[in-house]
Protein chains: 2
Amino acid sequence: MRATEMTPNDKTNDSTEQKIFDAAHELFVQKGLDGAKMQEIADRAGINKALLHYYYRTKDKLYEMVAKSIIHQGIPIIQKTIESDLPLEEKIIKFVDFYIDLIRRNPFIPLFIISEMNKHPEQFIEKILPARLPRPEIFLKQVEDAVAAGTIRPVNPQHLLLNIISLCVFPFVARPIMQMVLGMQKTEADQFLKQRKTEVTEFIFAALRPR
Amino acid sequence: MRATEMTPNDKTNDSTEQKIFDAAHELFVQKGLDGAKMQEIADRAGINKALLHYYYRTKDKLYEMVAKSIIHQGIPIIQKTIESDLPLEEKIIKFVDFYIDLIRRNPFIPLFIISEMNKHPEQFIEKILPARLPRPEIFLKQVEDAVAAGTIRPVNPQHLLLNIISLCVFPFVARPIMQMVLGMQKTEADQFLKQRKTEVTEFIFAALRPR
DNA sequence: ATCTTTTTTAACCAAATGGTTAAAAGTCTG
DNA sequence: CAGACTTTTAACCATTTGGTTAAAAAAGAT
């Protein structure tokens, strides 16, 4: 018997368990819960389909572990940055920097989260999301204060936060459409998205400059 | 025999054909090609499953028609706005205005397009996207000119376009996460998203103001 | 009313899919 | 090596799923 909750004997990166997990990760991210098939996962992991059920009992359990790992991977970085007590300007710079780096390393994760959360909201909220999400209160307060102090143009703090996130995330999510509309090749698009970090930061600060 | 390519005898809104189409529309948008099941579509349309195949031969064909109709619905509005020769400022205002209105009327469409295009790129590009997508050249040129004339701060036109679209679309796409992080109820979120139009426009123009 | 055509249904079918079982192969420990 | 335990496989199984068929019901045309 082999339950994953047990002693993590050998999660060496080429253990069978890990190979399955990696294959599942890849396929779930690419095709979602509905689109990914157990047989395909087994094939990609180079093993028998029965082994999937030996290590991870059901498709749902396997999905749950993969999705959890995805979520728990990114959240701490975002959390630490946004909940820190860096001064506002520095915080925004760092947030954009870390966030875009994070996404560039895992370009398909945001779309996975968004679209799976839309398709299976109950499951996601109950079983996958962590109890404690990043809390934006500190950031929102900082913006309020900066507005009051006249350091930045008057803006609604919540909208500002949403704007920053939109500017960071959306281009990666909508990459295929972007490529088509702007007539870009893969490499051009890569190049272009690499410039986003500075471009977005500048855009935000320009928008915040008091008049 | 009943082929949809034939004379559109009675596409009255409560014809069987239309009821099927509407049910399929709803489910495909909600669950995607993989997640939507023919039986469920039949149930929702209140008819026998065999009728689906009588009117639309296969799932793929049905999906193709629904997806096409979705795409072709929004594109002309965007196209007309962005390809018009309104002055830049006016164009941006109108674009944000129309675009956000469009999305508010169909809040699940953007995520549908993005996620389905990522999951079935070949099918989407070959069978569903129209030959002619909105061409951004005029807009890009206008931005260049405005930069050269010093009317706006120097920005990369492509990034600017992408920024505008990101600010308009992303909040609707990421709505569930937004609600959780900002601790909003449905009605609050509705209210909040309603404010976006002015908020986004102001944000963009502030970011473009020459220093 | 009768014949024809269109629309709808119930019953099927084959393939795919998630999951199980029992036995074989491999590993570990005395 | 023997015995115990773990890992892996091939062969199944039940359900779901997309799709078909043949006949019934409804609607039109003469």
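Order of the sequence lines fixes the chain letters, A, B, ..., with proteins taken first and strands second; residue numbering starts at 1 for each chain. Here the structure is a predicted model, which means the values were calculated and not measured.
For the pair A:Val143/A:Val155, a side-chain contact is recorded, criterion being any heavy-atom separation below 4.5 Å from C-beta on. Counting only heavy atoms from C-beta outward, the side chains of B:Tyr99 and B:Thr81 never approach each other to under 4.5 Å.
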Close N or O pairs between protein and nucleotides 16-18 of chain C (under 3.5 Å):
from: C:dG18; atom 1: OP1; to: A:Lys59; atom 2: NZ; distance (Å): 2.9
from: C:dG18; atom 1: OP2; to: A:Met38; atom 2: N; distance (Å): 3.0
from: C:dG18; atom 1: N7; to: A:Lys49; atom 2: NZ; distance (Å): 3.0

Is there any protein nitrogen or oxygen under 3.5 Å from a nitrogen or oxygen in nucleotides 22-25 of chain D, and what are the pairs?
none

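Atom CD1 of B:Ile41 is separated from atom P of D:dT16 by 18 Å (rounded to the nearest Å). Between B:Lys31 atom NZ and D:dT17 atom C1' the separation is 14 Å, expressed in whole Å. As a whole-Å value, the separation of A:Ile20 CD1 from D:dT7 P is 11 Å. For the pair B:Asn48 CG and D:dA26 P, the computed distance is 15 Å after rounding to whole Å. Distance OH (B:Tyr56) to C1' (D:dG18): 17 Å, rounded to an integer number of Å. As rounded to whole Å, 11 Å separates atom C1' of C:dT6 from atom CG of B:Leu51. What separates OH of A:Tyr55 from P of C:dG19 is a distance of 18 Å, to the nearest Å. We find that CD of B:Glu17 is positioned 9 Å from P of C:dT7, with the value rounded to whole Å.
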_Pair A:Tyr63, A:Gln123 - check side-chain hydrogen bond (donor to acceptor under 3.5 Å, both in side chains), show working._
CA-CA 11 Å; A:Tyr63 176 78; A:Gln123 193 189 4; 5.3 Å; no
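The main-chain N or O of A:Tyr55 is never found under 3.5 Å from a side-chain atom of A:Glu17 such that the two would form a donor-acceptor pair.
Under the side-chain contact (heavy atoms from CB on, under 4.5 Å) criterion, A:Ile93 pairs with A:Glu89, A:Thr201, A:Phe205, not counting sequence neighbours.
For the residue pair A:Lys91/A:Gln142, the side-chain donor-acceptor check at 3.5 Å is satisfied. A donor-acceptor pair shorter than 3.5 Å cannot be found between the side chains of B:Glu64 and B:Tyr56. Side-chain polar atoms of B:Gln18 and B:Asp22 form a donor-acceptor pair below 3.5 angstrom.
In summary, the aromatic rings of B:Phe203 and A:His159 are positioned with their centroids too far apart to meet the 6.0 Å limit.
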